[in-house]
Asks: 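Handing you this structure, nothing more for now.
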Amino acid sequence: MATYNPVINKAEKTFERSLTYDLYTDPKVYQQELNDVFAKSWQLVGHVSQVEKAGQFFTCDVAGEPILVTRGKDEVIRAFYNVCPHRATKLEKAEAGTKKIFACGYHGWTFHLDGQLNKAPNFSGEDAHCVSDRCLRSVRMEIGEGLIFVNLDDNAAPLAEVYGDFFDRLAKFPFLGELKRINQKTRVIKANWKAFIDNYLECDHCHVAHPSFIATLDMKNYQIVTCQNYSVQASVVKPDRKMGTTDLNEAEFQGGEFYWLWPNLMVTIYPGPANMATIQMVPIDHETTLGVYTYYFRDENLSQEEQDLVTFAEQVRAEDVELVELEQIGFRSRAFNQGVYSSSEKAIVQFHEMVLEALGR
Ligand code: FES
Ligand SMILES: [Fe+2]
């Protein structure tokens, strides 16, 4: 039987212990996380470039809830539960499109872009008054630097308040307002969603697992800073290196910045041409996660430099996915029930403390 030493003392230093591994393998924990983490936090659902014109909409899923985001005739972007107030049918089936009015496919109720009921054909005359206030139910929605967030918790603190100066930091990238959401890729990862966040929040593994990353970025000056409900890792490109094919003298931004926002969002900005990517780890179940990777550039016709950047990011990501899938095998093992953090893994400590607090442990 394996023995377990709860505290590791080495050279008089005590290392903190990680989350216990049952939090990565227990279906009951996943169920609790849906309510206590994902239904109570700001979740990225899209970008303003997806709803540039009145009537443009997209649908998505947040913590199992169907959501509809659209721009009204008054130019206001709104989010609703994508659920018909007559008898619950999912209202809009398409992933995205443009509509003048939303129509339910069951009994034909129709709704204006601002969520107000237009017509309820099976309620006429006197009956019509009884249902006239049955509009779509709104969801908390806020926009930061073009990113559209939704929060299912009506009592949640405002987006800007939750993430401190994160949006101010983003605003320092002068090109951000010009970026459009160019494409999105998804990948099913056979690991708990937290394993990928853990992986993202430290770079101890970079020397071992990411040869292209450490060849390009100056790891001696790699920084990890924990902030209010988010953290940031930053480095600059080595003086003798190029990022993809970019001549860094002409690059719009020369350092890399890699943000994590509680609970499951990562925002990365690489050196080189104007770019941003978001990565979301959306749990499918306790041991399966949908990785959602979205790229933002100025134009959908990517230049060679931009394509190289995507290739670089995808290479690093593939290396990480393999690692977390191997880690999940070990989480299930009886060999150990907990790990330890190195002193350069403080951003993981922050994340794990937030998980424990959210779960009331
Ligand atoms: S459920 Fe939508 S119109 Fe009846
Ligand atoms: Fe990595």
Side-chain angles (χ1 to χ4, degrees), residues 59 66 68 80-94 99 101-112 115-124 127-128 130-137 187 189-219 222-224 231-235 256-260 264-270 277-281 289 291 293 309-328 339 341-342 344-348 351:
T59 59
L68 168 65
F80 304 101
Y81 287 90
N82 189 13
V83 173
C84 180
H86 178 219
R87 279 221 301 285
T89 307
K90 182 172 174 180
L91 179 65
E92 181 53 58
K93 290 183 282 185
K99 292 265 163 92
I101 213 145
F102 292 106
C104 180
Y106 203 163
H107 310 93
W109 285 30
T110 54
F111 303 89
H112 296 289
Q116 296 296 317
L117 178 68
N118 175 47
K119 282 201 177 102
N122 54 344
F123 287 74
S124 54
D127 295 354
C130 306
V131 294
S132 59
D133 61 348
R134 293 232 126 202
C135 35
L136 299 182
R137 182 170 166 193
R187 173 173 187 159
I189 301 169
K190 289 187 227 146
N192 182 275
W193 68 277
K194 298 189 290 299
F196 197 98
I197 308 291
D198 295 349
N199 167 278
Y200 180 90
L201 289 177
E202 50 91 358
C203 212
D204 288 4
H205 72 279
C206 295
H207 288 90
V208 185
H210 299 315
S212 60
F213 190 84
I214 61 148
T216 309
L217 293 175
D218 177 2
M219 299 310 292
Y222 198 84
Q223 291 179 33
I224 303 179
S231 60
V232 56
Q233 301 171 61
S235 182
E257 294 206 358
F258 313 108
Y259 293 91
W260 161 77
N264 64 330
L265 172 64
M266 291 146 279
V267 179
T268 66
I269 296 169
Y270 277 101
T278 55
I279 308 167
Q280 291 159 279
M281 287 295 135
T289 302
Y293 310 97
L309 204 64
V310 172
T311 305
F312 177 86
E314 289 184 347
Q315 167 67 30
V316 174
R317 181 174 313 143
E319 291 159 355
D320 283 328
V321 167
E322 189 188 344
L323 292 172
V324 297
E325 291 187 343
L326 291 170
E327 194 179 22
Q328 189 70 31
Y341 308 112
S342 79
S344 45
E345 294 180 301
K346 59 181 189 241
I348 307 189
F351 170 50

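Counting starts at 1 for both ligands and their atoms, in listed order. Numbering of residues begins at 1 and proceeds along the displayed sequence.
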Asks: With a cut-off of 2.8 Å, does C206 put an N/O/S atom close enough to the Fe ion (ligand 2)?
Replies: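 Given the 2.8 Å cut-off, C206 does not count as a ligand of the Fe ion (ligand 2).
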Asks: Rounded to the nearest 10 degrees, what's the angle OD1 of D320 makes with NE2 of H205 at the Fe ion (ligand 2)? Could you check?
Replies: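 Centred on the Fe ion (ligand 2), the OD1/NE2 angle is 100° (to 10°).
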Asks: Show all protein N/O/S atoms under 2.8 Å from atom 4 (Fe) of ligand 1, or state that there are none.
Replies: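 Sorted hits: H86 ND1, H107 ND1.
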Asks: Classify the angle between the aromatic ring planes of W193 and F351 as parallel (below 30°), tilted (30 to 60°) or perpendicular (above 60°).
Replies: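 W193 vs F351 ring planes: perpendicular.
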Asks: Looking at E202 and K346, does any basic side-chain N land under 4.0 Å from a carboxylate oxygen?
Replies: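 So E202 does not pair with K346 through a salt bridge.
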Asks: To the nearest 0.5 Å, what is the distance between OG on S235 and CD1 on I224?
Replies: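 Going from the OG atom of S235 to the CD1 atom of I224 covers 11.0 Å.
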Asks: Contact between L323 and H205 at the side-chain level, heavy atoms closer than 4.5 Å - yes or no?
Replies: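 With C-beta onward as the side chain, the pair touches.
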Asks: Does the separation of the ring centres of Y200 and W260 fall below 6.0 angstrom?
Replies: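 Not close enough - the centres of the two rings lie 6.0 Å or further apart.
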Asks: On the 0 to 90° scale, with breaks at 30° and 60°, tag the F258-Y222 ring pair as parallel, tilted or perpendicular.
Replies: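 Ring orientation, 0 to 90° scale: parallel.
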Asks: Taking the six-membered ring for Trp, are the ring centroids of Y270 and F312 within less than 6.0 Å of each other?
Replies: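 Ring-ring flag for Y270/F312: true, centres closer than 6.0 Å.
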